[in-house]
Amino acid sequence: MRRLAVASVLISLLISSCGRTDYADETQADKKTDIVYISNEEVGSSVEIIRQLSEEYEAEHPNVRFSIEAIPEGDLSQRITLLAASNDLPALFRYQSGRPLLDLIRSDSVLNLEETFKELDLYDRLNPAAVELLKSAVDGAGLYALPLEMNIEGFWYNKAIFERYGLKEPQTWDEMLRIAETLKAAGIQPFSVAGKDKWQITRLINAYAIRKIGVDAMEQVDKGTLKLTDPRFIEAASVVQDMGLKGYLGRAVNTLDVNAATDLFLQGQAAMYYSGSWLLRDFNVPERNKLGAENIGFFSIPLVEGGAGQLDEYPMNAGLTTSFSKAAYTEEVGDWMKDVFEEYGDRAMSELGMVTGFNVESMPENVPPLTRMVQEKIEGVKRASGWFEAKFSTKAQLLAWNNAQLLVTDSRFAPTRYMTELQAVLDSEQ
């Protein structure tokens, strides 16, 4: 009887155990995978493409839920820094790809995307130039951000204005300044510049510097092998200051933000606009582009006499990049990632005419001409540079921006002072 009782208990435990296993399997099957994306925007550009592809994935994988948490760009860095400190980063998030991201890499907070993309058989989807650009932004630490967009910088220009005055795309900086003088004399503002947002002024300084010194000018500064007090940097600041004081940048340069400066150009009120290929999203929208895409041209940063730069070298950037949390990465996130980013490059091109750091497997026939032109120029880039303050600390970055506003409006603020004060900050941080 005792053996029978023991057997009954064992059978009962076995049945009970089987019941719990079935319940656990059922619970696991019902478990949702939440993939949260912290971004500075909730609609438009790359976010829209990721949302679209994710909705298609969710239709076949109802256990996955993708959502976007949009916060103002000015608050983005602080928010990500706080989440990283508490090991609570979301699955993916937008962040600056330079020094800020390097800090997260060193704290082992972000996912190595080269390793992950190779495991997911996605690595060949990435443009090699984009990969190298992102690696160089973090001092060669590796690939920890995705190039959801890929931009070159140069001068956009109004073809109709150039044709009206018999002007041609300049090959040298001196030719461009002569064009500016011709236009100013005719009552046309030569350049649109968003001085209120400051960085468009330092982009002009960088443009001249990389043509005078070479595409690696700011890399040399970052390594400490070249000082901003070098006469060639002071020359760059002097040329840009002269452009401002002569009125080439407009009478109220420091009152225009990016949107206003873009509209000034697109409404035909300024002939040239130094910016990047991210403007395609505005150029390809007829409601905003009053010129018409057929009246917009683009030329590389002109050469500087005696300089080391070449026309096939461009400042390039991948915009505000997207990274993934190492702690939040799971097999389910990997499956979602593979499905979404297999199609990302083609979908961004076909839906938005958007140039990215992903290879386009099938170029659509209806790609806007300006987008196709930018894509071809990116494919022909020999060497690339970052922007002026790409590897500056926040303190140095703010000084470069704030003093740039003084530089182009106040003749008493000498170019030598601009570079000397900036170099002093860099020296104090070494």
Side-chain angles (χ1 to χ4, degrees), residues 20-71 83 88-95 110-127 130-131 143-150 281 318-367:
R20 284 197 299 270
T21 301
D22 290 344
Y23 177 74
D25 288 344
E26 183 180 347
T27 302
Q28 186 68 26
D30 290 341
K31 184 179 179 182
K32 296 286 186 181
T33 296
D34 288 308
I35 299 176
V36 178
Y37 185 13
I38 289 185
S39 169
N40 62 312
E41 57 185 356
E42 193 169 3
V43 296
S45 65
S46 59
V47 172
E48 194 63 38
I49 299 301
I50 292 174
R51 185 206 301 277
Q52 183 184 114
L53 290 167
S54 187
E55 287 175 352
E56 294 171 12
Y57 181 81
E58 289 176 65
E60 298 182 2
H61 302 81
N63 63 310
V64 172
R65 292 182 297 201
F66 174 76
S67 61
I68 297 169
E69 181 183 346
I71 61 175
L83 289 173
D88 198 27
L89 284 169
L92 62 163
F93 55 92
R94 280 191 169 182
Y95 204 48
V110 284
L111 189 66
N112 184 319
L113 290 172
E114 181 168 353
E115 291 179 356
T116 304
F117 265 44
K118 285 179 177 177
E119 290 171 0
L120 298 175
D121 197 26
L122 288 173
Y123 193 66
D124 61 355
R125 299 277 176 172
L126 297 174
N127 182 305
V131 170
L143 182 66
Y144 289 86
L146 290 181
L148 298 182
E149 58 183 73
M150 190 67 181
R281 69 189 69 168
L320 200 58
T321 56
T322 291
S323 297
F324 284 74
S325 165
K326 184 175 182 179
Y329 183 76
T330 63
E331 184 178 345
E332 289 77 16
V333 172
D335 290 341
W336 172 88
M337 184 189 295
K338 179 174 176 59
D339 193 87
V340 168
F341 292 109
E342 270 186 337
E343 301 295 330
Y344 177 80
D346 283 53
R347 188 70 65 89
M349 178 62 75
S350 63
E351 294 289 330
L352 299 178
M354 182 176 163
V355 178
T356 73
F358 285 70
N359 295 321
V360 176
E361 301 296 318
S362 178
M363 182 70 73
E365 294 182 1
N366 62 342
V367 172

inquiry  = Going by ring pair (Phe, Tyr, Trp, His ring centres under 6.0 Å), name the residues that satisfy it together with Tyr329, two or more places apart in sequence or in a different chain.
reply    = none
Under a 4.5 Å cut-off applied to non-hydrogen side-chain atoms, are [X] and [Y] in contact?
{"X": "Phe117", "Y": "Met337", "result": "yes"}
{"X": "Phe66", "Y": "Leu53", "result": "no"}
{"X": "Phe341", "Y": "Leu146", "result": "yes"}
{"X": "Val367", "Y": "Val360", "result": "no"}

Can you list the residues that meet the side-chain hydrogen bond (donor to acceptor under 3.5 Å, both in side chains) rule with [X], with sequence neighbours excluded?
{"X": "Thr330", "result": "Glu332"}
{"X": "Ser325", "result": "none"}
{"X": "Glu69", "result": "Arg79"}
{"X": "Tyr37", "result": "Arg94, Thr322"}

message = If I compare all heavy atoms of Ala328 with all of Val333, which pair ends up nearest, and what's the gap?
response = O-CG2, 3.8 Å
query = Closest approach of Pro364 and Ser350, non-hydrogen atoms and distance?
reply = CG-CA, 3.8 Å
Roughly how far, to the nearest 0.5 Å, is [atom2] of [Y] from [atom1] of [X]?
{"X": "Lys338", "Y": "Leu122", "atom1": "NZ", "atom2": "CG", "result": "5.0 Å"}
{"X": "Glu58", "Y": "Arg51", "atom1": "CD", "atom2": "CZ", "result": "10.5 Å"}
{"X": "Ser39", "Y": "Leu92", "atom1": "OG", "atom2": "CG", "result": "9.0 Å"}
{"X": "Phe93", "Y": "Phe324", "atom1": "CZ", "atom2": "CZ", "result": "9.5 Å"}

Counterpart residues, side chain to side chain contact (heavy atoms under 4.5 Å, CB included), relative to [X] (two or more places apart):
{"X": "Asp339", "answer": "Tyr57"}
{"X": "Ala348", "answer": "Ile49, Tyr344, Met354, Thr356"}
{"X": "Ala70", "answer": "Glu42"}
{"X": "Asp34", "answer": "Arg65"}

task = Ignoring hydrogens and angles, tell me if any N or O in the side chain of Arg125 forms a donor-acceptor pair with the backbone of Glu342 under 3.5 Å.
result = yes
Check: Asn359 side chain, Asp124 main-chain N or O, donor-acceptor pair, under 3.5 Å = yes
message = Does Lys326 have more than 12 heavy atoms from other residues, nucleotides or ligands lying within 6.0 Å of its NZ?
response = no
request  = Given side-chain contact (heavy atoms from CB on, under 4.5 Å), test Tyr95 with Leu89 step by step and report yes or no.
outcome  = CA-CA 12 Å; Tyr95 204 48; Leu89 284 169; over 6 Å; no
Test log, rule salt bridge (Lys or Arg N to Asp or Glu O under 4.0 Å), inputs Lys118 and Glu114 = CA-CA 6 Å; Lys118 285 179 177 177; Glu114 181 168 353; 3.1 Å; yes
key: Of all pairs that satisfy salt bridge (charged side-chain N to carboxylate O under 4.0 Å, His left out), the ones with a partner from residues 343-360, not counting sequence neighbours   = Glu56-Arg347
request  = Go through Leu143 and Tyr123 one step at a time and tell me if the side-chain contact (heavy atoms from CB on, under 4.5 Å) criterion holds.
outcome  = CA-CA 11 Å; Leu143 182 66; Tyr123 193 66; 4.1 Å; yes
key: Stepwise side-chain contact (heavy atoms from CB on, under 4.5 Å) check, Leu126 with Phe358   = CA-CA 4 Å; Leu126 297 174; Phe358 285 70; 3.7 Å; yes
task = Apply the test salt bridge (Lys or Arg N to Asp or Glu O under 4.0 Å) to residues Glu48 and Arg281: give CA-CA distance (whole Å), side-chain angles for both, the deciding distance (0.1 Å), then the verdict.
result = CA-CA 13 Å; Glu48 194 63 38; Arg281 69 189 69 168; over 6 Å; no
remark   = Those residues at least two apart in sequence (or on a different chain) that pass salt bridge (charged side-chain N to carboxylate O under 4.0 Å, His left out) with Glu115 are none
request  = Check Leu83, Ile68, Ile35 against Pro90 for a side chain to side chain contact (heavy atoms under 4.5 Å, CB included) and give me the one that passes.
outcome  = Leu83
